[in-house]
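Below, each value reflects all heavy atoms present in this structure, side chains not excepted, and no hydrogens, waters or symmetry copies.
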Amino acid sequence: MFNVSPNAYVLFDPELVIVGCNDAYLKSVHRESREEIIGRYLFEAFPSDPASDSYRLLKQSLDLVVATHRADTIALIPYDVSRAGEIPEMRYWSATHTPVFDAAGVLRYILQHTVDVTELRTLREQAQDRSILEAGVLIRAQKVQAESERLKDLFAQAPGFVGILSGPDHVFEIANTAYRRLVGGRELVGLAVREALPEVVNQGFIDLLDEVRRSGAPYVGHGVPVLLQQAPGIEEERFVDFVYHPLLDDKNEVHGIFVLGNDVTEQKRAEERLTTIAQESAHRVKNTLAMAQAVVAASIREAKDLPGANKAIQDRLAVLAITQPALIEGTLAPADIALVVPAVVGLHKDLFGRIEIAGPHAALDPATSQGLALILHELATNAIKYGALSNERGRVSIRWAPADDERRIELTWEETDGPPVEAPATKGFGTKLIERALPEGKGNRVELNFPSTGVVCRCALACP
């Protein structure tokens with residue numbers, strides 16, 4: 001059936017060596033036998049200048065099939081089918097290249113189906129000038145097609161999101177793969193922005209596009225937050241750098257807008273994490289100095305002489321020097337809550353003698369135990385500066401026990417007999433750290449209250 005088909009077919013292997021063809025193909029390329037071409041490299045059997053459009057179009061299409069395992073079509077390609085030493089014979093073809101796989105899904109062949117569209121007899125009967133003119137038109141059409149395909153390919157592969165919007169409704173004419181990926185894989189071409197991306201209407205982006213169209217001036221945005229639907233009912237905040245650039249017609253009027261941008265969400269979040277780390281580091285330094293001051297003051301108050309005070313200060317500052325870096329680096333918190341709590345507040349317990357610790361051994365999620373260490377450290381520092389440990393008789397109770405479902409540990413920090421307490425008018429960084437130190441999910445929860453009798457903090461802590 002292959003050999004007697006009236007359509008011209010030729011078969012290449014992935015190295016572009018000719019492995020088979022039918023009679024119609026031999027006739028179309030003016031070859032008398034298969035032996036003339038089978039087993040030969042395509043461009044050896046049909047030589048072509050590598051710098052020519054003919055070579056480039058054909059090689060590019062075949063390479064694309066090998067790379068993507070998808071069929072490709074060349075609408076029009078000129079190609080010389082003459083033998084070496086013969087008068088050049090330029091013919092024009094439409095070609096389809098189809099991948100052929102074996103049972104294991106491995107690419108084995110590429111099937112080329114060609115249609116001769118030269119109308120050679122008509123061209124030969126016409127005057128030479130007409131022949132040259134028509135050939136030129138065909139070649140120019142082929143070049144336009146090639147350039148158009150090249151531009152589309154560049155748009156599709158661009159790492160940033162690229163789009164072209166037309167008309168007053170900003171209809172997508174082009175949207176590349178990165179653009180569709182940014183908006184959850186939705187189809188965009190042919191739709192107005194407000195139809196394709198309804199969630200951005202109330203975020204001001206339509207207004208920006210209208211202003212660019214009205215003024216003819218481009219708009220540049222850096223790190224702009226935008227809520228985008230990634231799946232039905234699910235929106236996600238992304239951050240983008242982008243440009244809206246007006247496209248002008250021959251009358252210098254705006255007929256469309258070129259959109260070019262990059263998703264910088266990960267970069268933005270990394271910057272936010274670095275900022276938080278810097279703020280926390282500065283806060284830790286201030287707290288460490290406050291704690292060192294309290295250690296010195298308390299040591300002097302309880303010492304009977306200067307040598308005793310000097311030794312007590314040195315010993316306690318040495319403990320503080322060990323505890324603080326371990327806490328900040330997250331290496332202090334073991335998985336057992338009965339070890340976490342004494343490790344963090346042990347220095348203050350020994351110093352003030354007014355911290356009661358009670359609770360059983362119980363395993364904590366590692367990230368939860370680290371968060372708990374930060375919370376206890378913050379509560380203890382605040383108690384020394386403002387709360388129950390800032391006077392001579394205040395007390396702190398830290399108790400914990402398994403919750404009813406035994407999937408969580410419930411811990412309570414409670415201060416009594418300290419100065420009267422009032423809830424702060426605004427949340428400082430320390431309060432925010434207490435509320436956010438535990439990892440989200442897994443049943444973790446922090447509740448911070450300020451009754452007049454003393455600060456109370458209740459934590460629900462996830463077990464592994």
Side-chain angles (χ1 to χ4, degrees), residues 280 283-284 287-288 290-291 294-295 298 320 323-324 326-328 330 332-365 367-403 408-424 427-439 442-463:
E280 184 173 340
H283 190 68
R284 292 277 148 239
N287 280 347
T288 300
M291 195 173 301
V295 166
L320 181 62
T323 304
Q324 296 303 308
L327 176 64
I328 293 170
L332 179 64
D336 189 340
I337 189 173
L339 300 179
V340 174
V341 176
V344 177
V345 302
L347 172 64
H348 316 303
K349 182 177 184 296
D350 295 341
L351 178 61
F352 295 97
R354 290 177 277 146
I355 301 178
E356 179 187 2
I357 300 175
H361 290 275
L364 287 181
D365 177 271
T368 300
S369 66
Q370 180 176 333
L372 175 62
L374 291 172
I375 291 171
L376 294 174
H377 172 68
E378 195 65 33
L379 289 169
T381 301
N382 291 340
I384 292 171
K385 292 195 290 185
Y386 316 112
L389 301 182
S390 65
N391 65 12
E392 298 297 330
R393 59 190 184 86
R395 304 188 65 81
V396 175
S397 169
I398 308 173
R399 297 176 178 274
W400 65 90
R408 295 186 311 279
I409 299 295
E410 294 183 349
L411 177 144
T412 300
W413 167 291
E414 185 173 6
E415 300 179 24
T416 55
D417 298 328
V421 171
E422 292 183 1
K427 291 183 179 181
F429 181 74
T431 301
K432 293 178 180 178
L433 181 62
I434 291 172
E435 294 176 341
R436 301 174 184 175
L438 295 179
K442 300 182 179 181
N444 287 321
R445 186 178 69 257
V446 175
E447 179 184 325
L448 185 60
N449 296 304
F450 299 89
S452 61
T453 54
V455 172
V456 177
C457 181
R458 294 184 175 86
C459 302
L461 308 167
C463 297

Handout entry: Set of residues satisfying side chain to side chain donor-acceptor pair (under 3.5 Å) with respect to E410, sequence neighbours excluded
Key = none
Problem - Presence of salt bridge, E356 and R399, under 4.0 angstrom - result: yes
Practice task
Examine distances only and state if a side-chain atom of T368 and a backbone atom of L364 form a donor-acceptor pair shorter than 3.5 Å.
Solution key: no
Completion exercise
Note: P402 and P360 closest approach over all heavy atoms is CD-CG, 4.1 Å
Exercise for the section: Nearest 0.5 Å please: distance from the CD1 atom of I409 over to the CG atom of L411. Expected result: 9.0 Å
Exercise for the section: State which residues pass side chain to side chain donor-acceptor pair (under 3.5 Å) with R436; sequence neighbours excluded, sorted by chain then number. Expected result: none
Problem - Nearest heavy atoms of H377 and V344, plus distance in Å - result: N-CG1, 3.6 Å
For residues 447-457, run the donor-acceptor check on the side chains, cut-off 3.5 Å, and write out each pair with its distance to 0.1 Å, sequence neighbours left out.
{"unit_1": "E447", "atom_1": "OE2", "unit_2": "N449", "atom_2": "ND2", "d": "3.0"}

Exercise for the section: For residues V446 and C459, report the shortest heavy-atom separation together with the two atoms involved. Expected result: CG2-SG, 4.3 Å
Fill in the blank from the handout: Scanning both residues in full, the closest heavy-atom pair of D417 with N391 reads O-ND2, 3.1 Å
Exercise for the section: Starting at CG of N444, measure out to CG of L438 and round the result to the nearest 0.5 Å. Expected result: 5.0 Å
Handout entry: Sub-4.5 Å side-chain heavy-atom contact between N382 and I434
Key = yes
Problem - OG1 on T381 to CG on L376, rounded to 0.5 Å - result: 10.5 Å
Handout entry: Flag side-chain contact, heavy atom, 4.5 Å: I398 against T412
Key = no
Practice task
Would you please name every residue forming a salt bridge (charged side-chain N to carboxylate O under 4.0 Å, His left out) with R395, sequence neighbours left out?
Solution key: none
Handout entry: Shortest non-hydrogen contact from E415 toward A383
Key = OE2-CB, 3.6 Å
Practice task
Supply the atom-to-atom distance E378 CD to T431 OG1, rounded to the nearest 0.5 angstrom.
Solution key: 7.5 Å
Exercise for the section: For the pair W400 (side chain) and I337 (backbone), establish whether a donor and an acceptor sit closer than 3.5 Å, ignoring hydrogens and angles. Expected result: no
Handout entry: Flag, side chain of D336 to backbone of A362, donor-acceptor distance under 3.5 Å
Key = yes
Practice task
Please identify each residue that fulfils salt bridge (charged side-chain N to carboxylate O under 4.0 Å, His left out) with E422, with sequence neighbours left out.
Solution key: none
Fill in the blank from the handout: Sequence neighbours excluded, the answer for salt bridge (charged side-chain N to carboxylate O under 4.0 Å, His left out) partners of E435 is K427
Exercise for the section: Taking all non-hydrogen atoms of both residues into account, name the closest pair between R354 and A388 and its distance. Expected result: NH1-O, 3.4 Å
Handout entry: Close side-chain approach of W413 and V345, heavy atoms under 4.5 Å
Key = yes
